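Just below is one structure, and these are the notes that go with it.
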Protein chains: 2
Amino acid sequence: MTYRGCMPVDRREAVLESALETFARHGYRRTSMEAVATAARISRPGLYFLFDSKAVLFREAAAHVLGRDLAAIEEILGDAHAPLADRLLEAFDRWAGRYVGPLAQDVPGVLAENPGLLDDTATNAPAAFERLVTDAVSPHVVTPGAAVRTLLSVSVGLKHQAADRSEYRERFREALEVVLPSTE
Amino acid sequence: MTYRGCMPVDRREAVLESALETFARHGYRRTSMEAVATAARISRPGLYFLFDSKAVLFREAAAHVLGRDLAAIEEILGDAHAPLADRLLEAFDRWAGRYVGPLAQDVPGVLAENPGLLDDTATNAPAAFERLVTDAVSPHVVTPGAAVRTLLSVSVGLKHQAADRSEYRERFREALEVVLPSTE
DNA sequence: ACTTTACATACTAAGCAGAAACTGTCTAGT
DNA sequence: ACTAGACAGTTTCTGCTTAGTATGTAAAGT
């Protein structure tokens, strides 16, 4: 967006990513700016130089990471060469599967627990994801809306049922075979 | 089991049902034996006459209610006249849908929060439900296991997504249409 | 087959003061 | 374009005391 710095890779982005990681690990409230600064290898006043407050930092970190994920998902789904089921599996894995399991840090969790801190980008991200998936599914299925809503429910359910990411992927692939009747 | 009383309807059963209702409303820990006794319209020492301890009462209440539910579900699914989708909708509604929403008391919740208090009947109830559903689905579907596991994931997901029971039912019916390709 | 009353023991919730930690800011330095 | 250090004001945590409540048992009654 605007000019921000002199580093080869924008420093703000690196800080945003490590910040959300830290927030996700311990929760928003229990994560101190000191901890975020240490994880980003800068000083705490330096962190306040980059972001006006803890709330702003969290808001921007959430928007940044969700934006990245949605962009990656859009690219995955746009690759018309791959089979639809494969694209959907990778899209849902990126959206939800990678956050499944006790080892994974729960990014969606920390976002859900602090809805008041999020901006429109973050709030609308789930709807944006649903639209991306619907667009990808539409050409292949008779009732895309119902199919996508069902897949979203499966994903939410698996997030609670699956013990880890690989189980999420296995079970979601199975669901895709059930929901997409021999597409292709 | 042993001889228990003189009432036309076994008093223990009435107590068990009102007890689980009370436990579900406030949680196990925060429900006093006094509250259970009052809800059952007996005295607290009278409650101890019927059940040796609070833990035993909870265990038996859970087993009793789950047994009732599974019996009702078995009957619903066994009615071969009704279309499969209708039977499945009613079965899942009874198993999960009726507990969706802020007004509903969360029986599954209080069971999940106190796993150490449950006996085998209660612990095995989810597996028993899955078997009942699988048996009902098997004659109509090529991959019954996958279809049932998917429906279970949808149900878990909807429990978190749906605002109330009627939304659960609508969305689950939609999922049934997606999963069961024009059965019948 | 229960009820009422009562009791010992254990747990838990409430309040509260002191300690600690956190946020946001500032200054001085490089 | 930052770092180091420090500071005021506020929020959170900790340990403690005390009061309230819960469990399980028992006695006596109907």
Side-chain angles (χ1 to χ4, degrees), chain A residues 1-62 64 110 113-114 116-119, chain B residues 1-62 64 110 113-114 116-119:
Chain A
M1 323 245 167
T2 58
Y3 178 75
R4 275 283 167 26
C6 64
M7 298 291 288
V9 174
D10 192 337
R11 191 140 195 182
R12 284 172 59 91
E13 292 196 4
V15 172
L16 285 175
E17 295 190 30
S18 95
L20 194 63
E21 198 173 317
T22 311
F23 282 130
R25 194 175 302 285
H26 305 295
Y28 175 76
R29 237 195 47 208
R30 288 148 60 143
T31 300
S32 68
M33 292 296 267
E34 182 69 47
V36 173
T38 302
R41 310 173 69 121
I42 63 176
S43 68
R44 197 169 64 90
L47 189 54
Y48 277 99
F49 176 82
L50 291 172
F51 305 95
D52 286 346
S53 72
K54 186 180 178 182
V56 166
L57 167 60
F58 182 76
R59 174 168 25 254
E60 295 201 23
H64 177 250
V110 79
E113 280 164 20
N114 304 277
L117 297 174
L118 302 177
D119 60 9
Chain B
M1 320 228 170
T2 57
Y3 176 73
R4 274 284 166 30
C6 61
M7 298 292 289
V9 174
D10 193 336
R11 190 138 196 180
R12 284 173 59 91
E13 292 196 3
V15 172
L16 285 175
E17 294 189 32
S18 95
L20 193 63
E21 198 173 316
T22 310
F23 281 130
R25 194 175 302 284
H26 306 294
Y28 175 77
R29 235 195 48 207
R30 288 150 58 146
T31 300
S32 68
M33 291 295 268
E34 182 69 47
V36 174
T38 302
R41 310 172 69 121
I42 61 175
S43 68
R44 196 171 61 92
L47 189 54
Y48 278 100
F49 175 82
L50 292 172
F51 305 96
D52 286 347
S53 73
K54 187 180 177 181
V56 166
L57 167 60
F58 182 77
R59 170 164 33 251
E60 294 201 23
H64 177 251
V110 78
E113 280 164 19
N114 304 277
L117 296 173
L118 302 177
D119 59 10

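Since the model is a prediction, treat every value here as computed from it, not as a measurement. What you see below is based on every heavy atom in this structure, not just the backbone, and it leaves out hydrogens, waters and symmetry mates. Convention: sequence-line order gives letters A, B, ...; per-chain numbering from 1.
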Please tell me which of the listed nucleotides, [options], lies nearest to the side chain of [X]?
X	options	value
B:K54	C:dT23, D:dT23, D:dA26	D:dT23
B:R44	D:dC2, D:dA4, C:dA6	C:dA6
A:S43	C:dT5, D:dT3, C:dG24	D:dT3
B:F49	D:dA1, C:dA1, D:dA26	C:dA1

Indicate the atoms forming the closest heavy-atom contact of A:R59 with A:D119, along with that distance.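 Nearest heavy atoms, A:R59 then A:D119: CD-CB, 3.5 Å.
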Work out which heavy atom in A:A39 is nearest to a heavy atom in A:T22; give both atom names and the distance. CB-OG1, 3.6 Å
Between B:R11 and C:dC2, is there a contact of a side-chain N or O with OP1 or OP2 at under 4.0 Å? yes
In whole Å, I'd like the distance from the [atom1] atom of [X] to the [atom2] atom of [N].
X	N	atom1	atom2	value
A:F23	C:dC22	CZ	P	13 Å
A:M33	D:dT11	CE	C1'	16 Å
B:D52	D:dT23	CG	C1'	13 Å
B:Y48	C:dT4	OH	C1'	16 Å
B:L47	D:dT25	CG	P	13 Å
A:L57	C:dG24	CG	C1'	14 Å
A:E34	D:dG5	CD	P	11 Å
B:L50	D:dT23	CG	C1'	17 Å

Report yes if some heavy atom in the side chain of [X] is under 4.5 Å from a heavy atom in the side chain of [Y]; otherwise report no.
X	Y	answer
A:R11	A:I42	yes
A:E17	A:E21	no
A:D52	A:L57	no
B:F51	B:V15	yes
B:Y28	B:E113	no

Could you check whether A:S32 gets within reach of a base, just the sugar-phosphate, or nothing at all, counting any heavy atom under 4.0 Å?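 Here A:S32 touches the backbone only, sparing every base.
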Base, sugar-phosphate or nothing for A:R29? Non-hydrogen atoms, less than 4.0 Å. sugar-phosphate
The bend of the helix from C:dA1-D:dT30 to C:dT30-D:dA1, taken between the axes of its five terminal pairs at each end and rounded to 10°, is 50°
For A:R30 and A:I42, find the nucleotide of DNA chain D closest to each by heavy atoms; which residue's nucleotide sits nearer the 5' end?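 Mapping each residue to its closest nucleotide by heavy atoms, the 5'-most match is A:I42.
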